[in-house]
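Inspection log for the structure reproduced underneath, given as structure tokens.
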Amino acid sequence: MAGHHHDHAVDSYQLDPGKWSTGRNVLAFIALLSWALLGFGYFNDHERFFQSYLVAFCMGTFIILGATFFVYVQYLTGSAWSVPIRRILENIMVSIPIGALLFIPIAFAGVDDLYKWAKPEAISDALIQAKKAFLNVGGFRLRAGILFALWSIWAFAIWTSSTKQDKTKSIEQMKTSSRWAAPGLLVVCLTGCLAAFEWIMSLDPHWYSTIFGLYCMAGGCVAMWATVTLISLGFRSNGVLANTITVEHYHDLGKWMFALSVFWTYLAASQYLLIWYASIPEETIYYKERMHGSWAWVSVLLPIGRFVVPFALLVGRSAKRNLKVLRIAAIWILFMEFVDMYWMIMPNFHEYAHGFHLHWLDLAALGGVFSVYGLVFWSRFKSNSLVVEGDMRFEQGLHFHQV
Amino acid sequence: MAAHNNSAANHPLLEVNPPLVLGGQSYHDVTESVSSISEGKTPKQWYILISITASITVMLFGMLAYLVANGIGVWGNNAPVYWAWDITNFVFWIGIGHAGTLISAILFLFRQKWRTSINRSAEAMTLFAVACAMIFPLFHTGRPWRAAYWLGPTPNPDLVMWQNFRSPLMWDVFAVSTYATVSALFWYVGLVPDLATLRDRARGIRQRIFHIASLGWRGSARHWRNYEMAYLILAGISTPLVLSVHTIVSFDFATSVLPGWHTTIFPPYFVAGAIFSGFACVLTLLIIARWALNLEHLITLKHLENMNKVILVTGWVVGLAYGTEFFIAWYSGNPYEQFVFINRAFGPYAWAYWTMISCNVISPNFFWFKKLRNSIPVMFVLSLVVNVGMWFERFVIIATSLHRDFLPSSWGYFQPTYVDICTFIGTIGLFLTLFLLFCRFLPIIAISEVKGVLAEQRNPGPGVVATSKVVDPKFEPVPVAVGTTEGSGH
């Protein structure tokens, strides 16, 4: 049981300005490069630009919604283990407002490239016409505005109260945050599912599945824990919070990645099994499209990559306490979240219906979206504490160890 | 870093994290409070209660005998509603059981200490609820002695039939029997140290019985280590079971092509509903039990408040699922889907639908308020309301989806017969009888686990609020071995 007695005091809770600038420079460089490429790609092939961009945007945004959900859950359950890493989640959560800006290309330029229901041909599609009250460009923009406003208000309310607590070390801010977190849980579940329905599911406006929103949220949550694991490990290899976020905390991060991978599988299997079993053509079309040509290989990769691999990697106790294994698992999980988004979105476009076709824009879009979200995330570390040091359970969280 | 003086009597966290064992209890006091229930003289009230519930159970047996003698026609099931109260009651009871498994397995893995005072009785309720549930499919076969052929892969030369493994009803048999087995094992493993405690306090025949039942438990370090490992493994095995059982129950409906039944959200939605109803049922019985058996210091208001929070959350999950179903029914553009949902809300069963909505979606919202979450009368009434609502939920899903077929010529309206009604009431009697027997003869609180919580309360880890210094006049900061039995520890 050696190794429990770290000297936590050696960690600084302020990020060294030099390290902060390096981080910012790396992110800014990726941003500049990606957006230059994206700009070029837009003029070169604007359809593909929007398709790649939607995949990256949805991946990034659902990761943030995952962080939002779990920040609320940590407050409501009074969790102690997660206190040393909660600031990372909170900073991910509060990068959501920039998402409204990132959504502008989709809402204003790409909507009729991406969504069949926004194309002029939709006039002759009776089924789309029947859904017009929901599937219309004005509503699409308005609802996105409302979603980002709600997410931003809640994120700021909790983040402001949490950073205030760094200084006051009072229970009052914890109570304020909890009061926001309870209705917030309801808001994020409702709006997250709605976002999944309209941004992703409505790409095929004929197809529907009631579990689809939860499926996207679960994918975002597992990818979020992978992101938090990688950020913590990145800190660690730079000597930041190396004694604060200990192997005991990594163990729990591993448990969450494991548990949510299984939960994603549960939802994915439920959706597949029910649609396959009932065999109604309006519904099976979704899987039929994805069994065509090279998409079939991606469809086979999905359960292996999102279930078998993380399950095998993370099932053992020692694996979850081995930071090398954890790093590999987290990278793999993030990669699979990308594959999943890609698999949900890309087959909807006529030209890729029979096979997947990677494009350099896919990578550029990932770089573009993640660097912008990342810069906002990173900016929060400049002058604020790296940890929620004012939390009532901070000491308890530092000394937390697995039974 | 030393900003928090964790031992201060006015520590602010005490308000949100009050101690889970109240009243300055020593380890011995905990043993006494729980063991004495089964050791003392049987109270007169118990005899009165059990004679009522046992009479209701006798009525159940009478109804079942009548059904076997006359056939399924004694129920109201008829075209087009061939599935009605039987499957409604089956799903209702299976759902009740889920709280036990959630509390014992998932809350254990989530390190929720407050589960310790309520897990034992919740697990017992799981077993009793599953027993009630199994009656319905068994007797729906009409000839339950033949059920082995229909429900299990039993070679049967005279019937020359083999089960359809592609049917979710068949999967149900496996899911529910696995669930019953693992729940029983989990419950029993947890009971062993406490049975040993009862054994050590007993004399004569009582001691002989507990001696056998406690499987030679000595409370040695080795026993405890194996026990902890077994408990963890069983918790790990039970966790997927919390999801799988009601998932497969939902498949009974969702694999069909029937509008109102076939929808992909059913599996997680059924699981949430099951937990919702299960917690409400545990709440109802524990409110009575803690009062009748003087266990208010072990099953504290904080335990009840936490359960109310779970009810609020799962109530909203269920509410969001109703909303999603309604929205997607419209969004699908499928007129049959749309018809089913409009018909549910405004058709002949609107009364049942709005009962369900009021009980399941509206009523839990009282629990947003801390004052109401902590009010015994409010939570008692709401726990009953939720159970009514969850029964209606299953009835609404089942009957409203069936009663108006694709062809208006085959529309109908289900009405239960007195046999339907008395059989269902009878299962409530059976459930309560089993629970009364459990309360009388077994430790209804996990003594050794509560002692573990008490030990932590007294010797908190670094950074944890030392609640016992505040509330415990008998506090002595001596390290005590956790969870020893009376014989070896005190």
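Every chain is numbered from 1 and lettered A, B, ... according to where its sequence line falls, protein lines coming before strand lines. Every value quoted in this text rests on a predicted model; they were computed, and no experiment measured them.
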Using non-hydrogen atoms and a 4.5 Å limit, figure out which bit of [X] sits close to chain B: side chain, backbone, both or neither.
X: A:S202; answer: both
X: A:I128; answer: neither
X: A:W276; answer: neither
X: A:A130; answer: backbone
X: A:Y266; answer: side chain
X: A:E283; answer: side chain

What part of [X] gets within 4.5 angstrom of chain A, counting heavy atoms only: side chain, backbone, both, or neither?
X: B:P240; result: neither
X: B:V317; result: neither
X: B:S256; result: backbone
X: B:V271; result: side chain
X: B:Y269; result: neither
X: B:E228; result: neither

Could you tell me whether the side chains of [X] and [Y] share a donor-acceptor contact shorter than 3.5 Å?
X: A:S82; Y: A:S79; answer: yes
X: A:T168; Y: A:Q173; answer: yes
X: B:E449; Y: B:Y231; answer: yes
X: A:Y75; Y: A:R86; answer: yes
X: B:E393; Y: B:Y322; answer: yes
X: B:E325; Y: A:T210; answer: no

Give the member of [options] that has the highest number of heavy-atom pairs under 4.5 Å with chain A.
options: B:L258, B:V257, B:T255, B:L320; value: B:T255
options: B:W316, B:Y331, B:F266; value: B:Y331
options: B:A254, B:A321, B:P268, B:G319; value: B:P268
options: B:T324, B:L243, B:L232; value: B:T324
options: B:K309, B:Q112, B:R111; value: B:R111

With a 4.5 Å cut-off on heavy-atom pairs, point out which of [options] contacts chain B the most.
options: A:L135, A:I275, A:T77; result: A:L135
options: A:L127, A:L186, A:I280; result: A:L186
options: A:A182, A:S279, A:G397; result: A:A182

So, the side chain of [X] versus the backbone of [Y]: is there a donor-acceptor pair under 3.5 Å, distance only?
X: A:D252; Y: A:E248; answer: no
X: B:R373; Y: B:N306; answer: no
X: A:D166; Y: A:V388; answer: no

Run the salt-bridge test on A:D125 and A:K131 with the 4.0 Å N-O cut-off and return the result as yes or no.
-> no

Salt bridge (Lys or Arg N to Asp or Glu O under 4.0 Å) partners for A:K288, two or more places apart = none

For the pair B:H98 and B:T101, evaluate side chain to side chain donor-acceptor pair (under 3.5 Å) and give the outcome as yes or no after the intermediate values.
-> CA-CA 5 Å; B:H98 275 59; B:T101 331; 5.7 Å; no

